[in-house]
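What follows is a set of notes on a single structure, which appears directly below.
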Amino acid sequence: MSLITSARSELDTIPKRLKYMSETWPDRELLVFYDGDKRQAYTALELYTLAGRFANRLRQNGFKRHDVIANTLPNSPERAVTDLGIFMAGCVMMHGQVLLADGSDFFRNARISKCMGVIVSSDATSPAWMLLKPYFTKSSKKFVTNFMHKDAPNLTTGIVVSRQCKSDDGPFLESMQQRDEDICVEAVSPDDLAVVFCTSGSTGYSKLVPRSHGDIIRIFETFVEDGANFTNGHNVTFYSSQTMGWLGGFPGSVYCYGASQVLLDNYSSQGNISPSDILNLNVKEDCQMSTIRPVHLHAIGDHIRYTGGLSRKLTGLSISGQPVTKKQLSSMFELSQRVVVWYASTETYAIASFEVEENSYEDYKCGKPVKGVQLRIVNDEGRRCAPRELGTIHVKGENLFKGYYNRLEDPDPDTANAFTRDNWFITDDFGYLDEDENLFVLGRNKDAIIYGSVVFQPVWLENKLKEHPDVEDAHLVPVSDPVIYHNICACILLRPESNLTEDKIKAYCESIFLPNLGYVTPKPGYYMVLLVDGSDFFRNARVSKCKGVIVSDDATSPAWELLKIYVTDSSNDFLNGFTCKEALDLTSAIIVSRNSDGDTKPLLESIKQSEEDIFVEALSPGDLAAVFCTSGSTGYSKLVPRPHEDIIRLYQTFADDSNNTDSDTNTFYSGQNMGWLGGFPGIVYCCGATQVLSDNYSAQGKLSPSDILDMNFKENCQMSTVRPIHLQAIEDYIRSIGGLTRKLKCLIVAGQPVTKKQICNAFQLSEHVIIWYGGTESSGIASCVAEEDTYEDYKCGKLLKGIQLRIVDGEGKQCAPRELGTIHVKGENVFKGYYNRLEDPDPDTAKAFTQDNWFNTDDFGYLDEDENLFVLGRNKDAIIYGSVVFQPVWLENKLKEHPDVAEAILVPVSDPVIYHNICACILPRPESNLTEANLRAYCESIFLPNLGYLTPKPGYYMVIHASKPCYYVLINVPTPVTYMVIYATSPGFYMVICTKTC
């Protein structure tokens, strides 16, 4: 079966092409609709005849060339005939998208387009009919009825399409098939407007994208050529589950090139289809290319697994609308022989595409730009990005729209915001180009939520929710979803004295949208009507068989606050007794003081003034020197033992790095805790360097930015390690004083993933910046000297001497360059196992190593082609809280020990300083009177006060009343810190925030 070629330049409008096909291939089946097992095929001649008769009716009822008619019909034969009839009458088809129950989205578009008529189905389940029928008035004419609505004054005519026999005309299509009416073909030009498509409504109301006849013919040429490649130009049959009124579902390849398209008849079902229906019609019709929505793909995958597999795969699958991962592609190849990934938008149509190789696909790859498309990636300053550098995608090309359709405002404000000064269209997607000009698209910028094929800004729905009289504030946040990319959680803040219940808030949320919509609508799937016991210390003392503890008696000391009740008097001036049933080996306490108490002097003063002997034990290099603690990712920090030889070797690497500085002295500043591996002064004790630290004996780490800067400058430090939270405070301080007259020499950044923006900020503070990646178990793994202009997000540099590293996927297979996976390491600096003198073998050690003895860091990242390591974060549920990495389950269990708490879930909240903050979602027991105030107090009581280092205290609190367990939700809560009480119900996690304290 041949197609119309692009060489037929005289066929420059859709009506001309349809007429040509009706004369050249009158019996060719162009559209095939399935309603269950019922098959309805429409040939070129039938479509031309029916559409021509409909066009004639339009002209007889006063519609003129260029008039805009909104078509609200779902995918159906009636939709195809009415769309084509509008074209043949010389009118403009606007997709009549309806979403909101008050109709404000539809009537806005009708108003700004000066729409003259609307086509609607009278089926009882039709969302458009439910919305519009009150505005229809009777008319003496059979074909049209009057229409009146104050918000769309030009919209005066309605065309009601029916499949019922309620008049002399009979069902709509039947009446035109049986009557011998004239065929109208208006003489239109290629530049005449043919269609006004709707965007998905990212800003609340969908914007209108106009396309001329010439545009439609040109943009679908790419798609048809791609489909023809599957069959050498013969028997090109497509299946699409997309809405015919959207650009992605519009049958342009049929109307302009003579391809065949298979669709489901959604006239009554409104898009409710079964996986077996989709599979069966694709196989029956031998479709060469199938475009299937992600939510349908997921259902089909479940169906295949349930039925035991496919006897025959689809020929080709076309994927677009959301970022695609390798894991998703693997399931697609179970369904189809070939897979094509497309990146496109309503404003641009196709931007990039490629056919996927199953075993070599990289996450988020979209291929090369299609013919006629120019593309650039720019950073926040508008500078073009280097290969692999993330930025915003800008597009130019002949298929790019010229501006949004708005007949009320000139210039249109949305158009002005959509283009740069040099006329590039801003897609508002972020991604990068690789070295071969392949495009990778990772998602949407800013606050956009990708809800399947719908991309929307949450602010408009938040405003809708705030119209409820009992709602004080509302926020929508994205929830990761393996099928539709994002689900939505609605966090609702109630007005004082509100009696709004969970049932009412759910019903109100539902009422915002029209029912029975066949396409995906952004309805929230979740509603949020948003360790003093010393167990961590005593556990480590117990498993290490610790004999003694040294503690300061300073009143602000958290350790003294905890341990003083277990200290007993002793006749020994140096030692005190210690008794705690949780750590039986711990029997001695050494109390360090700066106060004079009778004959007792401060510790250091007494040692300095005494003439006591010096004792040095004869140790071997293999003797254990230090037991470091991890940050406590599983609740209790694990113990990492290091012998003397390890300590010397570990810090020699760091010392060698510091010798690369130009200075004759080696003076370091560290803001880290001396008991952690990252803050341990090993470079001093083992290599003779000088280290500058803040004296936190009483201050417990509470430092001012000016203090940190002053000590670095006074001591002429060559390297400075500053915590992320202190870095942010220093940057704020520098801005407040108008800048620095002198920079630090070199800044070491470690402990969390680092972005280019953070590096740029670091260079405002320091002349040089070094990135370190490591762990307590491994010490340093990789490092690099950051270049301000060329640094790539999350880059950690080359592996350090003696380190081996691999990246593996979920199946344990080694990843290709740039392929994300879990980081495993080996090397002389990697520890041998956790310290545990009670259990042998230690269970945590067994879990930490693979069978072939690689240490699993549980971080995920990738290696580039030059063996540079990039680290993007922690796997699974870990929360990166500044330099503290922890698994939330232990703190959830602590919270559940409260007598009024039935369930607790911790979720990460994006934080520009410490990477993640924490939100605690609490489900109270029935009849509980738990409030946000006593919840906050209890949460505070879990941790010791006055700790100088970061402790993972939740910054946000949500109390939930529900009858089902809660779900993990990734949320983005606004600052300042907010304490929230939320009420929820089943089914499905509905919550309401009812109190707020900043």
Can Y835 and L624 be said to form a side-chain contact (heavy atoms from CB on, under 4.5 Å), step by step? CA-CA 11 Å; Y835 193 56; L624 199 57; 3.6 Å; yes
Residue pair M719, I770: steps toward the side-chain contact (heavy atoms from CB on, under 4.5 Å) verdict: CA-CA 9 Å; M719 280 198 190; I770 292 177; 3.7 Å; yes
Kindly say whether [Y] contributes a backbone atom to a donor-acceptor pair with the side chain of [X] at under 3.5 angstrom?
X    : Y    : value
D842 : E839 : no
S766 : A762 : no
S557 : W560 : yes
R594 : P602 : no
T630 : K638 : yes
R806 : T822 : no
T845 : Y834 : yes
S670 : Q672 : yes

Mind checking whether [X] and [Y] have parallel, tilted or perpendicular rings, split at 30° and 60°?
X    : Y    : answer
F680 : Y651 : tilted
H824 : W854 : tilted
F578 : Y566 : tilted

Does the side chain of [Y] come within less than 4.5 Å of [X]'s, by heavy atoms?
X    : Y    : result
N829 : I781 : no
C629 : L639 : yes
N716 : T667 : no
R539 : R542 : yes
L765 : L709 : yes
K545 : L838 : yes

Check: Y773 ring centre within less than 6.0 Å of Y794 ring centre: no
In sequence, state the C-alpha distance, the side-chain angles, and the governing distance for C546 and N540, and then conclude on side-chain contact (heavy atoms from CB on, under 4.5 Å). CA-CA 8 Å; C546 178; N540 287 343; over 6 Å; no
With F870, which residues qualify under ring-ring contact (aromatic ring centres under 6.0 Å, His included), at least two apart? Y862
The test is side chain to side chain donor-acceptor pair (under 3.5 Å); show your working for S694 and N696 and say whether it passes. CA-CA 6 Å; S694 298; N696 295 338; 4.7 Å; no
Test I823 against I807 for side-chain contact (heavy atoms from CB on, under 4.5 Å), laying out the working first. CA-CA 5 Å; I823 299 169; I807 312 287; 3.6 Å; yes
Taking atom CG of D710 and atom CD of E715, what is their separation to the nearest 0.5 Å? 11.0 Å
Which is it for F831 and F849 under the ring-ring contact (aromatic ring centres under 6.0 Å, His included) test, yes or no, and what are the steps along the way? CA-CA 11 Å; F831 82 134; F849 287 87; 5.5 Å; yes
Step by step, work out the side chain to side chain donor-acceptor pair (under 3.5 Å) result for Y697 and S552. CA-CA 8 Å; Y697 185 89; S552 157; 3.0 Å; yes
